[in-house]
Amino acid sequence: MLHKVLTVLLFFPLFLSMVRRNRGPSTRSIYLGLACLSLALHLLLAVFCLSVLQTTCVLPTSSSSSIPRTDSRHNESVSHTASSSTASSSDKLPERTQNKEHRRLTANTLHHEADDTLREVTEKAKEPTGAAKTIQKVKGESKLEALFEHPLYNLPGPELQPDDWLLRLKNDEDIKDAESYDDMDWTSDVETYPPWLRFHLGISRWELYNRKDPNLAQLTHYLATQRILGAVQKTGGTQLKLLISFPNHGQALLKPMKQSRDTETDVNLFYFSDFERHNAEISAFHLDRLLGFNRIPPVVGRLMNVTADIREKTTDHKVSRTFFTSPAGNVCFYGQCEYYCSTEHPVCGRPHLLEVSLAAILPDLSLAPRRSWRSPWRRSYSRTKLAQWEKNPNYCDSVKQTPPYSQGTRLVDLIDMAVLDFLMSNMDRHHYETFEKFGNETFLLHLDNGRAFGRHSQDEPSILAPLQQCCRIRRSTLLRLRLLALPDFRLSDVMRESLAQDPLADAAPLLSEAHLSALDRRLAAVLQVVHTCQEKHTDVIHDDLDRYDQDIGGKFNS
């Protein structure tokens, strides 16, 4: 039937021409109308044929089809806290890429990546893979989630008074008189502030941040993804550190990767001769959070371009003059510092990409002055001399009689820090800091942890000297240590889960399994020291939980 219609339509114009020759001009308008009708029928027929052909080309949708289909479902975004779903849409992590090649990216293959892959790798680093992806999918079976749901990690803190906040919001009069940050529009709406400023406003007398604060996830995301505006060398210290600037006046302290993560410190090196490690700074932040201290500023890993993010952005001539290209074709620099800043100890990309740690900067000293305290258990930093505490087993008796350790919680604060340092094998704790505003009634800042996690094959018992000699520990700290020693919450397991959330975990685990196993071994050693103290003394426990006994339920006894 369709064939007959096509035949009639094709020969209809010829028929009209023949009739026209036999007819007069009076019927010309009729012929013209018939010609237009013929053309319209041709167009309708063409449209009909195309629709028929397109329908016959549709692939079958049966599940048995052998044609592969792209799965369009989106994976969940990385969250550093259970409450991160309340973050603003501008701070949510991007959807997961389908590029499997980047998912399998390792430190060894970074050398062969071109510069234009940096943005793709950075975007990839924001999304969960490996262990982090598994943790999200198997909700309810995560030891990390179970740990943070435990009553010991959810006890209500003391009611904060106005003087218990480090900084305060400006009122309308203050805003009018403000002279700093001229190009920033100050408002009374905290939600409009950048994450770094909200972090500063959240610092209180008793902790650096609240683990449940959704801004914590936004802050780490900010550090890992924000555009870099500048990079200058930070003064002080023995090794290379950079101060990175972001939009909205944000800043971060950068420590570069100088050796592979699995490199163990040579046993012949003194603690003060060791390199600082970017992964140690990241791991220390996670461990401090797992212990419930919340005294280390948030730290996150990031993959940077040495050329585009540092060399082309720095205004520091001391840094820019030290850039060179190595014989292997890698872009390197070394800056200027007291030690390890030379062509023999360069920081090198592969060829441009470099792993770094970025730590949130504390409020400026002009706004929130800090006091530096020399640790009573400071090492001699000599190859031949011993410190006083290393020679006198009764050294703690004199410390207890010396302010500020003679009253308040300063002594158990220091012992908390010693436990943290022993677990991560950090021997380089010569000073600590506090915010001057809070006097002696406040927490200690656990800063500068780059020399931690150097050796996993051996422990350093001398780090526990404050605990061994004073035989004093917080009850809350002891209970959390006991909790982390249980199989349901094993420290190595929750540490592995926590570190898997960092962007650099895609390249390789932040800590090797040997270091994770060492955490469990050292935790057992800490508990053994406490047990030995309790056998000799009756006043070992500083009870800071007496008002929370009903919340704890009496399951753990100290």
(Q) Is any side-chain heavy atom of Tyr209 closer than 4.5 Å to one of Ile203? (A) no
Q) Could you state the interatomic distance from CG (Leu303) to CZ (Arg350), rounded to the nearest 0.5 Å? A) 11.0 Å
Q.
Quick check: Tyr340 with Phe275 (ring centres under 6.0 Å apart)?
A. yes
Q) Out of Leu478, Thr409, Ile473, which one pairs with His542 under the side-chain contact (heavy atoms from CB on, under 4.5 Å) rule? A) Thr409
Q) Roughly how far, to the nearest 0.5 Å, is the CE atom of Met257 from the CE atom of Met304? A) 15.0 Å
Q) Given the rule in the side-chain contact (heavy atoms from CB on, under 4.5 Å) test, do Met427 and Ile463 qualify, once you have shown the distances and angles that lead to the verdict? A) CA-CA 6 Å; Met427 302 173 66; Ile463 302 176; 3.8 Å; yes
Q: Using a strict 4.0 Å threshold on nitrogen-to-oxygen distance, state whether Arg474 and Asp413 make a salt bridge.
A: yes
Q) Hey, is Arg261 close enough to Glu355 for a salt bridge, meaning N to O under 4.0 Å? A) yes
Q) Is the cationic atom of Arg371 (NZ for Lys, CZ for Arg) positioned less than 6.0 Å from the six-membered ring centroid of Phe435 and within 45 degrees of its normal? A) no
Q.
If I take atom CG from residue Leu354 and atom SG from residue Cys348, how far apart are they, to the nearest 0.5 angstrom?
A. 9.0 Å
Q | Nearest non-hydrogen partners of Ala360 and Phe199, listed with the distance | A | CB-CE2, 4.0 Å
Q: For Ala224 and Gly301, work out which heavy atoms get closest and say how close.
A: CB-O, 4.3 Å
Q) Of all heavy-atom pairs between Ile296 and Leu208, which one has the smallest distance, and what is that distance? A) C-CD2, 3.6 Å
Q: Report yes or no: do Arg311 and Asn305 form a side-chain donor-acceptor pair below 3.5 Å?
A: no
Q | Asn248 side chain to Gly250 backbone, donor-acceptor under 3.5 Å | A | no
Q.
For a 4.5 angstrom cut-off between non-hydrogen side-chain atoms, does Leu243 reach Ile361?
A. yes
Q: Would you mind checking if Asp364 and Arg370 are paired as a salt bridge, meaning a charged N to carboxylate O distance below 4.0 Å?
A: no
Q. Taking C-beta and beyond as the side chain, do Leu420 and Asn426 meet within less than 4.5 Å on heavy atoms?
A. no
**Q.** Test: Asp544 and Arg475 ion pair at under 4.0 Å
**A.** no
Q: Might you work through the side-chain contact (heavy atoms from CB on, under 4.5 Å) test for Glu207 and Phe293, ending with a clear yes or no?
A: CA-CA 7 Å; Glu207 60 185 359; Phe293 295 154; over 6 Å; no
Q.
A side-chain contact here means heavy atoms from C-beta on lying under 4.5 Å apart; do Glu433 and Leu447 qualify?
A. yes
Q.
Run Ser372 and His431 through side-chain contact (heavy atoms from CB on, under 4.5 Å) and show every step you take.
A. CA-CA 7 Å; Ser372 178; His431 287 81; 3.6 Å; yes
Q.
Does any part of the side chain of Gln259, heavy atoms only, come nearer than 4.5 Å to the side chain of Arg277, both counted from C-beta?
A. yes
Q) For the residue pair Tyr432 and Tyr405, does the interplanar ring angle fall in the parallel (under 30°), tilted (30 to 60°) or perpendicular (over 60°) class? A) perpendicular
Q) Given side chains that start at C-beta, do those of Gln218 and Arg198 come closer than 4.5 Å, heavy atoms only? A) yes
**Q.** Closest non-hydrogen atom pair between Glu281 and Ser357, with its separation
**A.** CB-OG, 3.8 Å
Q: Please check if the side chain of Asp164 supplies one atom and the backbone of Gln161 the other of a donor-acceptor pair under 3.5 Å.
A: yes
Q. Do you see a donor-acceptor pair shorter than 3.5 Å between the side chains of Glu497 and Ser142?
A. yes
Q: Determine yes or no for a side-chain-to-main-chain donor-acceptor pair under 3.5 angstrom, with Trp196 supplying the side chain and Leu362 the backbone.
A: no
(Q) Could you check whether atom CD of Glu436 has more than 12 heavy atoms from other residues, nucleotides or ligands sitting under 6.0 Å from it? (A) yes
(Q) Counting C-beta onward and ignoring hydrogens, is there a side-chain heavy-atom pair between Ser476 and Leu152 closer than 4.5 Å? (A) no
Q.
Show, in sequence, the C-alpha distance, side-chain angles and deciding distance for Phe148 and Leu290, and conclude whether the side-chain contact (heavy atoms from CB on, under 4.5 Å) test is met.
A. CA-CA 8 Å; Phe148 285 147; Leu290 293 176; 3.9 Å; yes
(Q) Can you confirm whether the side chains of His430 and Ser375 place a donor and an acceptor under 3.5 Å from each other? (A) no
Q: Could you tell me the separation between the CG atom of Leu519 and the CG atom of Leu511, rounded to the nearest 0.5 Å?
A: 7.0 Å
Q | Pairing of Arg295 and Asp416 as salt bridge, 4.0 angstrom limit | A | yes
Q.
Quick check for you: to the nearest 0.5 Å, what is the distance between Ile228 atom CD1 and Leu242 atom CG?
A. 10.0 Å
(Q) How long is the straight-line distance from OG of Ser492 back to NZ of Lys143, given to the nearest 0.5 Å? (A) 7.0 Å
Q. Would you call Thr434 and Asn440 a side-chain contact if the rule is heavy atoms closer than 4.5 Å?
A. no
